Amino acid sequence: MYKKIYRGDFRCPPWFSGDARRLITKLLDPNPNSRITISKIMESPWFKKPVPKNMLRGMKEEDEEEKEKEIEEKMKQPSTMNAFHIISLSEGFDLSRLFEEKKREEREEMRFATAGTASSVISRLEEVAKAVKFDVKRNSDETKVRLQGQQRGRKGKLAIAADIYAVTPSFLVVEVKKDNGDTLEYNQFCSKELRPALKDIFWTSPPENTTPA
């Protein structure tokens, strides 16, 4: 077999078209100097043929199925929080500006703390989704929620994922990020729909006690 590969000794099945045979022969050329290049492949008649509609439809359906499986796997993954997540909640220790080049309005995630429960946070997110006619999917242990719009935007349907981390039984951190769609549409959704609906559950540190001098 090695000798056949070295010599480029192979046979194409009889149902292969002439264009396909010529392209495969050039692809399997054992000499790298005379082997066909990517640019030449893209210029070949076989490569330029349109994909049959029935095959294209099947490919789209497979892509949708793969995406659904990927979403389900993400939803099953356990939520964890490290020290950097907790530190980033404090404005005084937030080092993200040193590493993030994006402006605030261009960021694809936001994070907030709340003193509520995971179920109460999910209920609020579901209320927001219902108001704007978004579909909702949550995982079994109530640590991940995904909201997806029904209408296609500039870059597909807008999807937002929320991960809920328990720092203590009564103190949570919620990380909301864009999972699909256009960043501008995501930021508009956060500013006009999400933030106003959740602002009353945002945790803020109590003011420090001050004593007169």
Side-chain angles (χ1 to χ4, degrees), residues 1-80 82 84-85 95-111 134-135 137 139 144-163 175-190:
M1 185 177 290
Y2 172 77
K3 289 180 180 179
K4 286 187 175 183
I5 294 171
Y6 185 78
R7 295 194 306 266
D9 184 6
F10 66 92
R11 292 182 181 179
C12 292
W15 59 84
F16 276 23
S17 66
D19 289 337
R21 288 170 185 267
R22 284 187 285 273
L23 179 58
I24 291 171
T25 301
K26 294 175 182 178
L27 282 169
L28 299 181
D29 185 351
N31 185 353
N33 295 321
S34 58
R35 192 179 302 142
I36 191 170
T37 61
I38 296 295
S39 59
K40 291 293 183 182
I41 292 173
M42 296 177 69
E43 293 173 2
S44 69
W46 184 88
F47 187 87
K48 290 183 177 180
K49 284 184 179 180
V51 180
K53 291 183 178 179
N54 58 343
M55 185 180 294
L56 192 62
R57 193 183 308 115
M59 290 167 64
K60 288 182 178 178
E61 290 174 356
E62 287 180 4
D63 289 343
E64 289 294 328
E65 290 177 2
E66 286 295 323
K67 195 164 188 178
E68 284 295 324
K69 289 180 181 178
E70 185 178 343
I71 292 169
E72 290 176 3
E73 288 298 322
K74 284 183 180 179
M75 298 287 282
K76 290 178 183 178
Q77 292 175 1
S79 299
T80 58
N82 58 36
F84 295 103
H85 283 95
L95 305 180
S96 61
R97 295 177 184 176
L98 297 177
F99 305 99
E100 296 178 0
E101 296 181 358
K102 291 184 178 181
K103 298 178 182 178
R104 181 176 296 275
E105 61 272 13
E106 296 175 343
R107 292 180 186 173
E108 299 179 3
E109 65 178 32
M110 72 172 187
R111 192 180 295 120
F134 273 37
D135 296 325
K137 183 179 289 188
N139 67 344
K144 294 178 184 292
V145 185
R146 190 174 190 270
L147 315 179
Q148 179 170 303
Q150 298 177 2
Q151 297 181 351
R152 295 185 66 85
R154 297 194 303 175
K155 296 182 180 179
K157 295 180 180 180
L158 179 63
I160 297 165
D163 293 341
E175 188 175 66
V176 180
K177 56 189 174 183
K178 187 193 78 174
D179 199 39
N180 191 57
D182 182 65
T183 302
L184 179 60
E185 293 173 4
Y186 161 77
N187 286 317
Q188 289 177 344
F189 177 83
C190 287

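If you're wondering where the values come from, they're calculated on a predicted model, not measured in any experiment. Atom set for the values below is all heavy atoms of this structure, side chains included, hydrogens, waters and symmetry mates excluded.
- Once rounded to the nearest 0.5 Å, the distance linking CZ of Phe47 with CD1 of Ile38 reads 8.5 Å.
- In this structure, CG in Leu158 is found 9.0 Å from OH in Tyr186, a value given to the nearest 0.5 Å.
- For the residue pair Glu175 and Arg111, the shortest heavy atom distance occurs at OE2-NH2, 2.6 Å.
- Of all heavy-atom pairs spanning Trp46 and Ser17, the tightest one is CD1-OG, 4.0 Å.
- Counting only heavy atoms from C-beta outward, the side chains of Phe10 and Thr25 approach each other to under 4.5 Å.
- A 4.5 Å side-chain heavy-atom check between Gln148 and Asn180 finds every atom pair outside the cut-off.
- Rounding to the nearest 0.5 Å gives a distance of 9.5 Å between NZ of Lys157 and CD of Gln151.
- For Pro13 against Arg21, the heavy-atom pair with the smallest separation is O-NH2, 3.1 Å.
- With hydrogens and angles disregarded, no donor-acceptor distance shorter than 3.5 Å links the side chain of Arg146 to the backbone of Asp135.
- Around the CD atom of Gln150, the shell of radius 6.0 Å holds more than 12 heavy atoms that belong to other residues, nucleotides or ligands.
- Of the inter-residue distances, the one linking Ile36 atom CD1 with Ile24 atom CD1 reads 11.5 Å to the nearest 0.5 angstrom.
- For the atom pair NZ of Lys155 and NZ of Lys178, the computed distance is 6.0 Å after rounding to the nearest 0.5 Å.
- A distance-only check finds a donor-acceptor pair linking the side chain of Asn139 to the backbone of Lys144 [under 3.5 Å].
- Atom NZ of Lys40 sits about 13.0 Å away from atom CG of Leu23, to the nearest 0.5 Å.
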